[in-house]
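Everything on this sheet refers to the single structure shown next.
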2 protein chains.
Amino acid sequence: MKQDELLKLDNQLCFAVYACTREITKLYTPLLKELGLTYTQYVTLLALWEKDRVSVKELGQRLYLDSGTLTPLLKKLESQGLVARTRDSRDERNVLISLTDEGRKLKEKACGIPMAIVRQLGLSAEEAEKLRDDLADLLNKIQLRHQPT
Amino acid sequence: MKQDELLKLDNQLCFAVYACTREITKLYTPLLKELGLTYTQYVTLLALWEKDRVSVKELGQRLYLDSGTLTPLLKKLESQGLVARTRDSRDERNVLISLTDEGRKLKEKACGIPMAIVRQLGLSAEEAEKLRDDLADLLNKIQLRHQPT
DNA sequence: TCCAATTTAATTTTATACAATTTTATTGTA
DNA sequence: TACAATAAAATTGTATAAAATTAAATTGGA
């Protein structure tokens, strides 16, 4: 493709990903509103429901977010009574995030969301899995090229 | 898949899209810094390089952004001398955005960016096009289900 | 042991995003 | 012409995001 064609929005993979993210987020908004959560708060809880009592750093690596985003977000979840923030007594630099009973209980109210969203996306389970795997591969490729340690 | 499996981050298409967007944006940051632009400012210019002298509303539909995001962004681009904001004399409710000479000229400095990014993504042209089309289809599906007019 | 280098969170700054509201302009209609 | 309904931007408030800096704790030598 010519440079001029490559500059067009509709030809750009990156713009497609960017636009999709925001349109998908809008699908979540009404569902998450019932739980009093935003999308970022929701994925943070998804991570914690899988693995509780993790440091902010580990959570950040899992979610691809840094402390500048997570610190205020976790304080918000703390104020809502969903998580607890405690310093690791063995290494006081680490802040450990744990779910409260209420935070754990919220999982039951959230468990229908993934299905409801996939239905709204209008993709078959197979199509959704294929696209997810393609994007996961892309994410891995970017990671490898950018943090070669 | 069981509900509990569906709640896991790595099984979620939506999280893959969300994470990809942010990692991709980070690839743009150093390239766009040389032009003094952010990613959102860049895609706004991409839209204007394709079609100049459009209303904020039309620009918003093209970029999937609303006036709450675009108004301050366009004022910023105006202060940088890249665009002009004028009221449509035929309907004073509309603000028309036009490129300045400097805004048009910036296209030449930006024309190498798409290629540089695709190279960093580590996908072949065919893979990138396939993924782009899949995401464009998804975007269309979401649109159809949510604005049936 | 001492202290420089490193690590981890938190803070600050700038820039998105978007819902909800307000302001201004236009249009349709009695 | 009035004026209600509609439309388009702008504004306000809240919540991300990330770069850059700061603060506190730990670690690894000399």
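Lettering of chains follows the sequences in order, A, B, ..., and the numbering in each one begins at 1. FYI, side chains are in, hydrogens and waters are out, and symmetry mates aren't considered; it's all heavy atoms of this structure.
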Does the side chain to side chain contact (heavy atoms under 4.5 Å, CB included) test come out yes or no for A:Gln80 and A:Gln41, once each step is laid out? CA-CA 11 Å; A:Gln80 293 177 277; A:Gln41 292 165 3; 4.1 Å; yes
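- The span of DNA chain D lying next to chain A, judged by atoms under 4.0 Å from heavy atoms, is bounded 5' to 3' by D:dA15 to D:dT26.
- Atom CZ of B:Arg90 is separated from atom P of C:dA25 by 17 Å (rounded to the nearest Å).
- Checking each of A:Leu135, A:Leu121, A:Val43, A:Val118 against B:Cys14 for a side-chain contact (heavy atoms from CB on, under 4.5 Å) leaves exactly one that passes, namely A:Leu121.
- Note: CD1 (A:Ile97) to C1' (C:dA10) measures 12 Å, nearest angstrom.
- A:Thr25 comes within 4.0 angstrom of nothing in the nucleic acid, heavy atoms only.
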At under 4.0 Å between heavy atoms, how does the protein contact nucleotides 12-22 of chain C? Give one character per nucleotide, 5' to 3', with B, S or -. ---SSBBBS--
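- A heavy-atom distance below 4.5 Å is found between the side chains of B:Leu46 and A:Gln12.
- At a cut-off of 3.5 angstrom, the base of C:dT7 holds at least one donor-acceptor pair with the side chain of A:Arg93.
- Remark: P of C:dT8 and CG of A:Asp91 are 8 Å apart, rounded to the nearest angstrom.
- B:Glu127 places no side-chain N or O within 3.5 Å of a backbone atom of A:Asp134 that could act as its donor or acceptor partner.
- Residue A:Leu96 contributes atom CG, which lies 11 Å from atom P of C:dA10 at whole-angstrom precision.
- Within the structure, every side-chain polar atom (N or O) of B:Asn94 is placed at least 4.0 Å from both OP1 and OP2 of C:dA25.
- Among the candidates B:Tyr18, B:Tyr39, B:Tyr28, B:Tyr42, the single residue satisfying the ring-ring contact (aromatic ring centres under 6.0 Å, His included) test with A:Tyr18 is B:Tyr39.
- Not one N or O on the side chain of B:Ser55 forms a donor-acceptor pair closer than 3.5 Å with the backbone of B:Leu96.
- At a threshold of 4.5 Å between non-hydrogen side-chain atoms, the residues B:Arg62 and B:Glu50 count as touching.
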Passes salt bridge (Lys or Arg N to Asp or Glu O under 4.0 Å), A:Lys107 versus B:Asp4? Steps please. CA-CA 9 Å; A:Lys107 185 176 179 180; B:Asp4 210 63; 3.0 Å; yes
